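Just below is one structure, and these are the notes that go with it.
Predicted model only: the values in this text are computed from it and were never measured. We name chains A, B, ... by the order of the sequence lines, and we start the count at 1 in each one.
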Amino acid sequence: MATAVTPPRKDRGSMKEALRIADLFREEQRLVGQTIRVQGWVRTRRDSKAGISFIEVNDGSCLKNLQVIVELARPELVETLRSVTTGAGIQVEGVLQASPGKGQSVEMHAASIRLFGGADPATYPLQKKRHSFEFLRQIGHLRPRTNTLGAVARVRSRLSFAVHQFFQERGFFYLHTPIITSSDCEGAGEVFRVTTPPSRDDVAAPEAGDANVPDFFGKPAYLTVSGQLQAEIYALALGRVYTFGPTFRAENSNTSRHLAEFWMVEPEMAFCDLQEDLEVAQALIKNLLQVVLTDCNEDLEFFSRFIEPGLRENLERTLQTPFETVTYTEAVEQLKKAGETFAFPVKWGMDLQAEHERFLTEKIFEKPVALVHFPRHLKPFYMRVNDDEKTVAAMDILVPGIGEIIGGSQREERLDMLLQQMELKGISTEDYRWYVELREFGSVPHAGFGLGLERLIQFATGLPNIREVIPFPRTPGHAYF
RNA sequence: UCCCCGGUAGCUCAAUCGGCAGAGCGGGUGGCUGUUAACCACUAGGUUGAUGGUUCGAGUCCGUCCCGGGGAGCCA
């Protein structure tokens, strides 16, 4: 973030602490003429046999590199310089000076160079030139050293912090819902089964799913697909809570918008209806985009230039215009009137296809769209049934280019209606006794939603594939590291 | 999981109708230069994803499998 300050560190026996390059550029005017120390990785080196070499050092604190000037008249530096190749980890000390060259305001004139670890140019995979994202995924341990992945990591960090800021400033409590859960039927896709049978050397490893083998938890357990149901428990005690953590879907889906492990933000609010739910969702998205615009300026500029032209303008426009709110029924009418031939013809009662959602947000409204009040039979049991008894108080927020970024609803707080819904959807009132009891004891209207962090980052950075906006993507067949 | 398109040098890609395996970048060597996607010259670098088949001959055609990308479904 732009206002970061280098934390104090123990001196390592030399004259001064290393400076983060982001801090260096921020205070360059004050630092010119001073001797400083920088630690980082070599992006490239350009040699001038006439007398100097140029080293570009990046330490990950910002997009910018520091140009280091090495005078070849100094044999003690030249010896080290031979191993200072692309990828090497080094420390340099020297005087910061105004740069006569184009492309940088200041540069360091090296007085000493320390090589921590070299990188053989013949085998180091990262070149100075652009690499495909597909290739970078194969070297996931090195890809954060590239401009794009480094920038994504910084934006992701800032956005994660902003999520907490947003909710904490509004009186929400951060709730840790379980990663391992026994609730498995929330209509949110396939679950990962967590099974740990007792292991003994004299017993052959049991087959997974063998009903006769006692499980660690004594019953089937799963990785969470959503913290919502548990968040409802605490919302009905603390008023307003939010969860922010990893979520898992065992869906065999291979697309640029899906991961098997992703991060979700889920607020849950008591005494809240769909309208307020919608307002919070919109405020959250805009707040997060605003943070990127103000605090991630340099990285955003990079994305705007190399990833998605016009990105900054898109984000600014999104901030200024209210989201469109349309009922499912109205959306179906609009799509029918549009005169567009879809692969799947639109009719009331069907789930909207990706082509329909894209048409709504990219062609008809050209901005984020909140779709509300979906047919009851399309949505899970916990969503509040509307007075027409045909629809539920659900909302999906769609954004251009990405699609669904938020899914939420007002929850069914009426005991009789909840029981009717569970009956209809075949949900066991035995297994969800606790959920029913929340309606028997002090039930109040409440609502919430889930925001996919990675999809928001995609929207904010323009990265076309979700695998580039999470450090270690998990997809079918892929779980490296 | 389904549909479509790919897999050729470290990377990004080309190779006409089935007929000698190519370029740029990167690496190495030399030259040049306050350079900055540096520039110029030379040079090394290949089991064409795997496997089986058709053919005088397969990177190219056919079968199977593996991997990647795009789309769909599922959803965030």
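A donor-acceptor contact shorter than 3.5 Å is absent between the side chain of A/S182 and the backbone of A/A221. Panel note: side chain A/R384, backbone A/S409; no donor-acceptor pair is recorded below 3.5 Å.
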Legend entry - Dot-bracket notation for RNA chain B, counting Watson-Crick and G-U pairs under 3.5 Å, with | for partners on another strand: (((((((..((((.....[..)))).(((((.......))))).....(((((..]....))))))))))))....
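Donor-acceptor pairing under 3.5 Å is lacking for the side chains of A/Q458 and A/R257. Under the 3.5 Å distance criterion, with hydrogens and angles disregarded, no donor-acceptor pair is assigned to the side chains of A/R376 and A/N386. Side-chain atoms of A/T86 and A/Q127 form no donor-acceptor pair, as typed in the model, at a separation below 3.5 Å.
Residue A/L456 is classed as having no contact, given no heavy-atom separation below 4.0 Å to the nucleic acid. Note on A/G450: only backbone sugar-phosphate atoms sit closer than 4.0 angstrom, heavy atoms only; bases stay farther off. Among the atoms of the strands shown, only primed sugar atoms or phosphate atoms (P, OP1, OP2) are found under 4.0 Å from some heavy atom of A/R358. Using a 4.0 Å heavy-atom criterion, one finds that A/I405 contacts the sugar-phosphate atoms exclusively.
When the side-chain nitrogen and oxygen atoms of A/R137 are compared with OP1 and OP2 of B/C67, none of them lie within a distance under 4.0 Å. Between A/S253 and B/C75, a side-chain N or O to OP1/OP2 separation shorter than 4.0 Å is absent. Proximity of A/R455 to the phosphate of B/C75: no side-chain N or O atom is located under 4.0 Å from OP1 or OP2. Close to B/G70, at under 4.0 Å from its OP1 or OP2, lies a side-chain N or O of A/N465. Residue A/S132 has a polar side-chain atom (N or O) positioned under 4.0 Å from OP1 or OP2 of B/U12.
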Sequence neighbours excluded and cut-off under 3.5 Å, please list the side-chain donor-acceptor pairs for residues 323-331 of chain A, or say none.
residue, atom, partner, partner atom, Å
A/E324, OE1, A/K367, NZ, 3.4
A/T327, OG1, A/E330, N, 3.0
A/Y328, OH, A/G349, N, 2.8
A/Y328, OH, A/M350, N, 3.1
A/Y328, OH, A/M350, O, 2.5
A/T329, OG1, A/W348, NE1, 3.0
A/E330, OE1, A/T327, N, 3.1

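Put simply, the side chain of A/H258 and the base of B/C75 share a donor and an acceptor less than 3.5 Å apart.
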Legend entry - Contact letters for nucleotides 38-46 of chain B, in which S counts primed atoms plus P, OP1 and OP2 and B counts the base, heavy atoms under 4.0 Å: S--------
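Every residue two or more places apart in sequence or in another chain that forms a side chain to side chain donor-acceptor pair (under 3.5 Å) with A/Q168 is listed here: A/Y242. Applying the side-chain contact (heavy atoms from CB on, under 4.5 Å) test to A/I179 and every residue at least two apart in sequence or in another chain returns A/L223, A/P246, A/F248. Scanning for side chain to side chain donor-acceptor pair (under 3.5 Å) contacts around A/Q275 gives A/E279, with sequence neighbours left out.
Here A/F262 packs flat against the base of B/A76; its ring centre is closer than 5.5 angstrom to the base's six-membered ring, tilted by less than 30 degrees.
Taking the C1' atoms as reference points, B/A14 lies 12 Å from B/G59, given to the whole Å.
Between the CD atom of A/Q127 and the P atom of B/U12 there is a distance of 9 Å, rounded to whole Å.
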